[in-house]
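For reference, the structure is listed below as structure tokens.
Residue numbering restarts at 1 for every chain, and letters A, B, ... go by the order of the sequence lines.
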Amino acid sequence: MSNQITITLPDSSTISVEKGKTVYDAVGVISKGLQKAAVCAEVDGKLTDLSAVLEKNVKLKVLTFDTPQGRDVYWHSASHLMAQAIRRVFPGAKFAIGPSIDTGFYYDVDIEKNLVPEDLEKIEAEMRKISGEDLEITREEISKADAIKRFKDKGEIYKVEMLEEMDADTVSLYHQGEFYDLCRGPHLRRTSDIRAFKLVSVAGAYWRGDEKNKMLQRVYGVAFPSDKELKKHIELIEEAKKRDHRKLGRELDLFSFSNDVGAGLPLWHPNGAVLRFIIDKFETNEHLKRGYRLFGVPHIARSTLYEISGHLGFYTENMYSPIQIDGQDYYLKPMNCPSQIQIFNSSMKSYRDLPYRAFEMGTVYRYERSGVLHGLTRVRGFTQDDAHIFCREDQIVDEIQEVLDFTLYMLEVFGFSEKNIYLSTRPEKAVGTDANWEIATAALKSALEKNNIAYTIDPGEGVFYGPKIDVKIKDAIGREWQCSTIQVDFNLPERFDISYVGSDGQKHRPIMIHRALLGSLERFIGILIEHYSGKFPVWLAPVQVMLLSVSEDEAAAVESLKSKLMADEIRAESDIRGESIGYKVRDAITKKIPYIAVIGKKEIEEGTVSFRKRGENKPQSMKLDEFKGMIHEAVQKRTVF
RNA sequence: GCUGGCGUAGCUCAACCGGUAGAGCAGCUGAUUUGUAAUCAGCAUGUUGGGGGUUCAAGUCCUCUCGCCAGCUCCA
């Protein structure tokens with residue numbers, strides 16, 4: 001029949017529907033379940049509303065909430081639902097933008113009143129009502145001029161501003177009940193399709209992200225097709241809260257901040273400091289194994305150094321004011337490279353010395369705006385596992401490949417198996433010739449490709465002196481963190497006029513590779529705390545064994561056992577307080593110590609250790625040597641439990 | 001830095017409309033000498049982040065400042 005059209009599905013199968021039916025109708029032909037789950041569709045590769053009318057033979061792909069696009073549309077519709085509710089509760093509200101984001105959606109609104117949590121509840125209640133009203137969501141296409149007029153009449157100054165900058169002739173509006181909004185779409189079919197949602201928070205956000213503009217109120221929310229999924233999402237947020245390194249840092253006595261020392265300057269307590277030491281020792285050793293040499297430089301340097309390096313030009317906003325010493329200006333070092341170059345430069349280098357790999361756990365100080373400081377992950381003084389590789393141009397690719405390999409190994413060791421890799425290219429504010437940028441970017445690319453590593457290009461995100469590869473890791477609850485960075489630099493060798501003598505007896509300029517594997521030790525430890533939620537694997541646990549005496553009679557034996565374990569490089573602590581054994585066990589459990597050992601008369605007589613492993617509540621017993629062997633093995637194998 | 005919220009004992013939190021601070025845990029002391037997630041009793045907790053102001057009187061109101069939290073912007 002001529003008024004039938006053929007719809008081709010992704011698996012190449014076809015269905016036939018009457019011409020003029022909607023996408024939604026067509027999906028219903030495939031399956032009722034899919035029809036219910038459908039959010040939007042791709043029709044001939046174009047994202048489309050389910051309510052769109054089908055006029056000809058097309059290719060159709062149905063998108064549900066489980067797809068990134070489906071989720072996007074779902075959340076975007078939820079933001080419209082929220083906007084409608086806000087308009088009903090606060091009739092004077094003006095709307096700016098309301099997109100979906102990775103974790104839900106938001107809408108920037110301009111309201112006189114400062115929104116408080118009770119207002120969010122009111123809005124949420126109104127959203128529930130509108131969802132219950134089951135309003136149809138419809139698309140309307142009108143000319144840009146008409147749209148401007150309509151939004152102008154409503155006083156929607158932000159929409160008007162956006163419209164005026166669009167170069168399209170026609171724009172689309174989406175209606176639901178009395179509310180409509182400028183939107184590209186697509187959207188869900190009905191307001192009742194948005195079932196489970198929660199408004200999460202409200203915060204300030206500048207119109208168009210520019211500090212010079214008016215601060216609007218950004219209301220955040222999330223939405224899901226079912227209450228179950230919403231609940232799961234809320235649980236994830238609670239889980240993240242439980243793992244918060246700032247909270248665990250205090251509870252496990254790892255670090256703190258002091259008002260008098262200053263913001264963003266962490267203080268390491270014994271438990272945290274030993275964690276730092278373990279990482280430092282392990283990592284330094286790994287560098288030595290790979291042919292790196294150790295460097296060490298002071299925390300301040302004269303202004304001349306940073307004039308030469310260019311930091312005083314390109315990096316001043318991140319540097320602290322100078323310190324006057326004998327009439328000279330000295331700066332806290334914001335980066336290690338300029339000082340390290342002095343060491344490279346202190347003697348003549350031959351081509352045989354290259355690649356020359358220099359490593360240092362280098363502490364740097366950077367000015368961060370007060371609002372961005374955050375626990376250990378964003379601080380003003382931090383230690384980088386920083387290295388600089390001086391090499392010839394023909395060595396770059398090999399060196400980067402090796403560094404990549406090293407990076408992935410290190411991250412793996414610390415329990416991060418999932419990674420995403422990014423290649424950042426030339427930013428607007430940059431130094432160096434186009435040719436050098438080209439060579440450097442190509443080298444990074446080639447190293448990635450030779451190692452068969454999938455990566456994403458991050459345009460314009462490179463450092464001012466060169467392009468870089470960033471490695472972002474995923475933690476135990478799926479959050480992404482940036483740690484490692486590998487950067488190629490032609491600029492500093494030039495500025496410091498460094499050279500090596502080639503086989504031809506002539507001076508040549510080396511290239512520098514800057515790289516940090518874990519990034520900042522402070523931030524990395526913050527991430528580690530959250531990743532393991534404080535339950536560090538034995539090799540990292542600040543306290544590996546807690547020894548408890550059953551009664552005061554065993555106090556001396558416990559202390560001597562502690563000394564024996566410590567002499568064997570096992571980090572042990574003892575609790576010989578006159579408290580009940582249950583009390584002391586509980587205390588040790590809350591400290592997340594991997595092994596809790598109880599020493600009573602029986603153990604002393606038999607020379608055994610009765611202990612419980614973290615996560616297990618049945619104690620087991622073994623001979624002291626066996627116990628030590630077990631811990632050493634857990635350390636060596638970096639067992640996680 | 002900006003917007004908003006906040007700052008009370010080591011920690012978590014309380015104190016009506018202004019009437020100069022109180023609980024639990026931790027700590028200390030004593031008793032108990034305990035066998036695997038909290039033994040009992042007692043004691044003491046503080047320039048209410050700091051400075052200034054209003055007031056007869058300020059944890060509470062105003063102001064400056066420091067810090068914290070969420071977000072914006074920026075980043076290891």
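- The residue A:Val364 sits apart from the nucleic acid: no heavy atom pair falls under 4.0 Å.
- For the P atom pair drawn from B:rG42 and B:rC6, the interatomic distance equals 38 Å after rounding to whole Å.
- When heavy atoms are screened at a 4.0 angstrom cut-off, A:Arg612 is found touching base atoms of the nucleic acid.
- For A:Arg378 against B:rC74, a side-chain N or O and a base N or O form a donor-acceptor pair under 3.5 Å.
- In terms of modelled atom types and a separation under 3.5 Å, the side chain of A:Trp481 and the main chain of A:Lys472 share no donor-acceptor contact.
- Judged by the 6.0 Å and 45° rule, A:Lys613 forms a cation-pi pair with A:Phe641.
- Separating the C1' atom of B:rG67 from that of B:rG24 is a span of 26 Å, rounded to the nearest Å.
- Taking a pair to require two hydrogen-bonding distances under 3.5 Å in either a Watson-Crick or a G-U wobble arrangement, B:rG10 pairs with B:rC25.
- Counting any heavy atom pair closer than 4.0 Å across all strands shown, A:Lys584 reaches no nucleic acid atom.
- Comparing the same atom, P, in B:rU73 and in B:rC62 gives a spacing of 31 Å after rounding to whole Å.
- Checked against B:rU73, B:rU36, B:rA76, the side chain of A:Arg523 finds its nearest nucleotide in B:rA76.
- Residue A:Ala205 has its side chain nearest to B:rC72 when only B:rG1, B:rU36, B:rC72 are considered.
- Using cut-offs of 30° and 60° on the angle between ring planes, the pair A:Phe611 and A:Tyr595 is perpendicular.
- Below the 3.5 angstrom threshold, one finds no donor paired with an acceptor across the side chain of A:Gln217 and the base of B:rG71.
- Nucleotides B:rA44 and B:rG1, compared at atom P, are 43 Å apart to the nearest Å.
- Annotation: A:Lys628, atom NZ; neighbour count of heavy atoms from other residues, nucleotides and ligands within 6.0 Å is above 12.
- With rounding to whole Å, A:Asp575 atom CG is found 18 Å from B:rU33 atom P.
- By the 4.5 Å heavy-atom criterion applied to side chains, A:Ile593 and A:Val545 are not counted as neighbours.
- From A:Glu418, atom CD reaches atom NZ of A:Lys474 across 5.0 Å, with rounding to the nearest 0.5 Å.
- Both distances falling under 3.5 Å, in either a Watson-Crick or a G-U wobble arrangement, occur for no nucleotide opposite B:rU55.
- The shortest distance between side-chain heavy atoms of A:Glu286 and A:Arg290 falls below 4.5 Å.
- Taking 4.0 angstrom as the limit, A:Arg586 places none of its side-chain polar atoms (N or O) nearer than this to OP1 or OP2 of B:rA26.
- Of the candidate nucleotides B:rC66, B:rU34, B:rA76, B:rC66 has the atom nearest to the side chain of A:Asn259.
- The side chain of A:Ser520 contributes no N or O atom lying less than 4.0 Å from OP1 or OP2 of B:rA76.
- The C1' atoms of B:rA26 and B:rG71 are separated by 34 Å, rounded to the nearest whole Å.
- The distance from atom CE of A:Met361 to atom C1' of B:rA76 is 13 Å, rounded to the nearest whole Å.
- Candidate nucleotides B:rA76, B:rU73, B:rU36 were compared by shortest atom distance to the side chain of A:Ser610, and B:rU36 ranks first.
- Here, B:rG51 and B:rA15 have their C1' atoms 25 Å apart, quoted to the whole Å.
- Rounded to whole Å, the separation between the C1' atoms of B:rG27 and B:rA38 comes to 16 Å.
- Among the atoms of the strands shown, only primed sugar atoms or phosphate atoms (P, OP1, OP2) are found under 4.0 Å from some heavy atom of A:Tyr583.
- Nucleic acid contact class of A:Arg250 (heavy atoms, under 4.0 Å, all strands): sugar-phosphate only.
- Along RNA chain B, the nucleotide nearest to A:Glu461 and the one nearest to A:Glu603 differ in position, and the one closer to the 5' end is contacted by A:Glu603.
- Within the structure, every side-chain polar atom (N or O) of A:Arg208 is placed at least 4.0 Å from both OP1 and OP2 of B:rU73.
- Residue contacts for A:Ile589: at a heavy-atom cut-off of 4.0 Å it reaches a base atom on one of the strands shown.
- For B:rG4, the paired base is B:rC69 (Watson-Crick or G-U wobble, both distances below 3.5 Å).
- Phosphate proximity of B:rU36 to A:Tyr595: absent, as no side-chain N or O sits under 4.0 Å from OP1 or OP2.
- Summarising the geometry, the separation between OH on A:Tyr220 and P on B:rC72 is reported as 4 Å, rounded to the nearest angstrom.
- Each of A:Leu216 and A:Lys468 was assigned the nucleotide of RNA chain B with the nearest heavy atom; the assignment lying further toward the 5' end belongs to A:Leu216.
- Summarising the geometry, the separation between CZ on A:Arg366 and C1' on B:rC74 is reported as 13 Å, rounded to the nearest angstrom.
- Spacing between B:rU39 and B:rG22 at atom P, rounded to whole Å, works out to 28 Å.
- Listed pair A:His374 / B:rA70 meets the phosphate criterion, a side-chain N or O lying under 4.0 Å from OP1 or OP2.
- For the pair A:Glu579 CD and B:rG35 C1', the interatomic distance rounds to 15 Å; values are reported in whole Å.
- Contact annotation for A:Gly578: base contact, defined as any heavy-atom pair under 4.0 Å involving a base atom.
- Both distances falling under 3.5 Å, in either a Watson-Crick or a G-U wobble arrangement, occur for no nucleotide opposite B:rG46.
- Under the 3.5 Å distance criterion, the side-chain polar atoms of A:His245 are matched with a main-chain donor or acceptor of A:Leu376.
- Checking B:rC2, B:rU34, B:rC75 against the side-chain heavy atoms of A:Tyr206 singles out B:rC2 as nearest.
- To the nearest angstrom, C1' of B:rU33 lies 17 Å from CD1 of A:Ile599.
- Backbone-only engagement by A:Ala263 is indicated by non-hydrogen atom pairs under 4.0 Å involving sugar-phosphate atoms exclusively.
- Ring planes of A:Tyr320 and A:Tyr367: perpendicular class, angle over 60° (limits at 30 and 60°).
- For A:Thr407 and A:Arg515, the side-chain atoms include no donor-acceptor pair closer than 3.5 Å.
- Nearest nucleotide to the A:Arg246 side chain, out of B:rU33, B:rC74, B:rC69: B:rC69.
- Contact annotation for A:Lys602: base contact, defined as any heavy-atom pair under 4.0 Å involving a base atom.
- In this structure, the nucleotide among B:rU73, B:rU36, B:rC74 sitting nearest to the side chain of A:Glu368 is B:rC74.
- Under the Watson-Crick and G-U wobble criteria, each requiring two contacts below 3.5 Å, nucleotide B:rU34 is left unpaired.
- Dashed line: the shortest gap from a side-chain N or O of A:Thr485 to OP1 or OP2 of B:rA76 is not under 4.0 Å.
- Note: CZ (A:Arg577) to P (B:rA31) measures 18 Å, nearest angstrom.
- Contacts of A:Gln482 with the nucleic acid, taken as non-hydrogen atoms under 4.0 Å apart, involve only primed sugar atoms and P, OP1 or OP2.
- B:rU36 atom P lies 14 Å from atom NZ of A:Lys618, rounded to whole Å.
- If you check B:rA76 for Watson-Crick or wobble pairing at under 3.5 angstrom, you find it has no partner at all.
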